[in-house]
Amino acid sequence: MQTQEPRIKKHESAEAVLDFENKRASTQLASPLDSRLTTMLESISDAFYMLDLDWRFIYVNKKAEYFLQRPRTELLGKVIWEKLEAVAGSAFETEYRRAVQENCAISFEAYYPPLGKWVELRVSPSAEGLAVYFTDISQRRHREDALRASEERFNIVMKATADAIWDWNAQSNEIWWNENIESLSGYSRKEIGTGTDWWLARIHPEDRQRVLHRVRSTLEGGTEHWMDEYRFARRDGSYAFILDRWYVLRDSEGNVLRMVGSMTDLSERRQAEIERDRLLKEKNLLLESTGEGIWGIDSQGLCTFINRAGAQMLGYEVQEALGKNMHDLVHYRHADGSAYPVKDCSIFQAYHSGKGAYEKDELFWRKDGTSFPVEFSSYPILDAGRIVGSMVTFRDITERKAAQSKIQHLAFYDSLTQLPNRRLLMERLSHALARSRRDSGRGALLFIDLDNYKTLNDTFGHDKGDLLLQHVAGRLKSCVRSSDTVARLGGDEFVIILEDLSTELAEAASHAKLFGEKILAALKEPYTLGSHEYFGGASLGIALFEHQGESLHEVLRRADLAMYRAKAEGRNTLRFFNPEMQAALMVKAALEADLRRALQEEQLVLHYQPQVDSAGRVTGAETLVRWQHPERGTISPAEFIPVAEATGMIRPLGHWVLECACRRLAMWARNEETAHFTLAVNVSASQLRCPDFVKDVLRTLESTGANPHRLKIELTESLLVDDVEGTINKMAALKAKGVGFSLDDFGTGYSSLAYLKRLPLDQLKIDRSFVSDALDDHNAAVIVNAIIMLGRSLGLEVIAEGVETEAHLDFLAQNGCQFYQGYFFSRPLIVEQFEALANTKLKESICAQSMECL
Ligand SMILES: Nc1nc2c(ncn2[C@@H]2O[C@@H]3COP(=O)(O)O[C@H]4[C@@H](O)[C@H](n5cnc6c(=O)[nH]c(N)nc65)O[C@@H]4COP(=O)(O)O[C@H]3[C@H]2O)c(=O)[nH]1
């Protein structure tokens, strides 16, 4: 760097300056005496001039002419300040004047602008004036500036770099370190010293030999540059990852003078690399270990990665898929074969909208052209906020779909016959009704119930029963069009929906009838059930769609009603629903509503029908409920009990009856004349099925104080069909407390003797149909006799109901029957009448004569 400021050195001794004082050279320069001096001054490499005391040039040598860029002729005799403007007023003038004032030689360096050079001046005052020597020192100054600049640069680099710089001197075998080695290693430079051992000892043992080998081969091999990475121990015991780059300096003969290097701490970068490698490994592990397919696409839709599972599912090798347009490869077609344009593809949309997309059921196409259902999600891939592609994860849902359709099948189809079940039937019926209303086309609902199915089940077992249902399902399906629905409602009930029979009612009815007859004929054909040949039949009810806004439940109920009519009117026949049935239906519905009110408003009363023994004594009564309807008068239980059973009202009703009976027993117990009376209470199947039945009976007995031994529960045989074990358990629990049981309507059901033996019964009750027929029908007489014998052999009482005449009584008595009930003795009575009758009548009354003959 150049400076305009002179650098001044004072020469107290004048040896370095020619002694002009002594020689008075200035005055004599022009004289020939000093020609030798002049010659010398002319030949020296320094520029020289002399000034007199008035600052006029008195001598100028050749070199000075060049420097001052003036011929001496122009200068001699002229005042320096006037001739050399660059000198006047400058540092030169200042120093010249000072030298003269202080009378001492001064040496200084100054920049001389006209020449653009640095000069070193030595000025020496004398009595005659001032001698001035000056030399061009520009080159030296430049070298010095360059060196200074280089040093500054070096210092700056040293400061700027985080690297630890080292310089090994081959001669002294010493290392110089810059200060960064302290932060890199954690050691102070004092601790580090200048030896090479410290550095070598810090290199990780696993890296040390390799590094040494490299260093040696660099030194010996003549290469100048080398680099290596190694682990370098820090003071705290951890290792820094170092990149060491070194440079070898040699002399002209190739001998190593020194080696300079820089150690860059790569720890953070290496740590980041290690972390990145770890993440990469984890990512790969994740991609490869998952069962899901995963692929990524770039902004062109080209595959940038795909995991093995994904490629496998699609039937490709990973390499095959990479770089391919994934939509074109696997997502190009819909299930129906039509093209799937990429613009509709949600993966493509996810890329464009930047939002994730999810499809729960689409198709991907394999390499071999087959397809499979998939569920997939697509997410945009962002790079610095910019969408650069999207990632797709997908899974094959073939199995899930199969399971779903299986569940659906189970939910909507009957597992035994594979026919639609009630739920699907209702759905189809609702659609059929809507269609029929819309198109004015008439359809029909056929309700089919197999005849004697329970008998078959009881006789041949449930497996044969199931087989029959499967045969029936097959026959029904073979009779209908594919557009018609055949469903199994449950048990032995089947339903068929016939659509589009005709727009005309009469024609639709005629078609339905023909169709119904065809069904009945098909079902009448013999069945082969294992080794048995079975002849069955069915009752069939038909309800036409009336277009009067009827609900599906109503249509179903109508067909059901018609089927019951068919069953009642001879079985193996068909009946259409008609308005009378409708009226009956409405009466039933009204009854249902009324019965609810009857329970609340205490319109029910209990009647008592006496039961007598063979001696004509009243032993007790059967309680029979009556409904005193405010408008319709007394309604028979035969009419409202089925309604109560169908609607669940039988439970509160049954409880009411039981409580009345128990209260009556408790009252009778207080009177000697009535204390021995028993009361038989009818209990229906749905009452007994109630889990709280036993608890309810016991609680009622306890709350009323009735003697359990005086209570007799009448069950019907049909009750046993459903749940024999459950019934037996409940009976046993009550029996243990003393409650008695009578089996009602015996002979009409299908009880097997095996069950009968296991039931904790006290009494069999001969159904009144046998009693009334016994006198005219030999079979009925045989049955009555058999029941009495059976009862005896099982140790049970036998009571006959429906004893209407003396002849009945005679017949029963002759066959050994012990107890009776019937109009012959008394109709069911209100309690006061019963009590009056029980106390008086049977001792001397109408049956007295009859009794005589017993
Ligand atoms: N033809 C004829 N009939 C006779 C004769 N003696 C009695 N009866 C009638 O036969 C039925 C006998 O009752 P059931 O078989 O238990 O049949 C009963 C019973 O199953 C049911 N029932 C009556 N009360 C109740 C009750 O409180 N609870 C339950 N669950 N059912 C009841 O209603 C059915 C009908 O009861 P009811 O109409 O009272 O009809 C009674 C009775 O009035 C006779 O000599 N000739």
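Indexing begins at 1, ligand by ligand and atom by atom, following the structure's order. Just so it is clear, the structure is predicted and the values come from calculations on it, not from any experiment.
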Verify atom 36 (O) of ligand 1: protein non-hydrogen atom under 4.0 angstrom away: yes

Minimum-distance protein heavy atom relative to atom 25 (C) of ligand 1: Val625 CG1, 3.7 Å

Ligand 1 contact by Lys765, heavy-atom criterion under 4.0 angstrom: no

Part of Leu653 with heavy atoms under 4.0 Å of ligand 1, whether side chain, backbone, both or neither: neither

Whether over 12 other heavy atoms sit under 6.0 Å from Lys524 NZ: no

Verdict with supporting geometry, Arg557 and Asp560, salt bridge (charged side-chain N to carboxylate O under 4.0 Å, His left out): CA-CA 5 Å; Arg557 206 148 49 154; Asp560 186 21; over 6 Å; no

Contacting atoms of ligand 1, where contact means under 4.0 angstrom from a heavy atom of Gly822: 6 (N), 45 (O)

Arg651 and Asp696 ion-paired at < 4.0 Å: no

Cation-aromatic face contact Arg475/Tyr527, 6.0 Å, 45 degrees: yes

Shortest protein contact, atom 22 (N) of ligand 1 (heavy atom only): Pro637 CB, 3.9 Å

Gln821 and ligand 1 - part of the residue with a heavy-atom distance under 4.0 Å: neither

Side-chain donor-acceptor contact under 3.5 Å, Thr619 with Gln611: no

Protein contact of atom 29 (C) of ligand 1 - nearest heavy atom, named by residue and atom, plus distance: Asn682 CB, 3.4 Å

Closest approach of any protein heavy atom to atom 2 (C) of ligand 1, naming residue and atom: Glu804 OE2, 3.2 Å

Non-hydrogen atom of Gly802 closer than 4.0 Å to ligand 1: yes

Contact (N/O only, under 3.5 Å) between Arg768 and ligand 1: yes

Residue, atom name and distance, where the atom is the protein heavy atom closest to atom 8 (N) of ligand 1: Tyr823 CE2, 3.8 Å

Enumerated ligand 1 atoms positioned under 4.0 Å from heavy atoms of Val657: 27 (O)

Atoms in ligand 1 flagged as close to Pro828, the criterion being non-hydrogen separation under 4.0 Å: 43 (O)

More than 12 heavy atoms from other groups under 6.0 Å of NZ on Lys513: no

Min heavy-atom dist Glu622 to ligand 1 below 4.0 Å: yes

Option of least heavy-atom distance to atom 18 (C) of ligand 1 (set: Leu624, Val681, Leu715): Leu624

Crowding at CD, Glu702 (>12 non-hydrogen neighbours, <6.0 Å): no

Atom indices of ligand 1 within 4.0 angstrom of Arg626 heavy atoms, with elements: 39 (O), 43 (O)

Straight-line distance of Glu673 CD to Trp668 CH2, nearest 0.5 Å: 13.0 Å

Phe577-Phe447 aromatic ring centre distance below 6.0 Å: no

Contact check, side chains of Glu835 and Leu829, non-hydrogen atoms, under 4.5 Å: no

Phe460/His532 aromatic ring centres below 6.0 Å: yes

Gln609, Glu801, Glu639: member with heavy atom nearest to atom 6 (N) of ligand 1: Gln609

Per atom 38 (O) of ligand 1, closest listed option by heavy atom (Ala800, Ser636, Ser772, Cys660): Ser636

Full working for salt bridge (charged side-chain N to carboxylate O under 4.0 Å, His left out) between Glu427 and Arg423: CA-CA 6 Å; Glu427 207 175 295; Arg423 193 189 295 179; over 6 Å; no

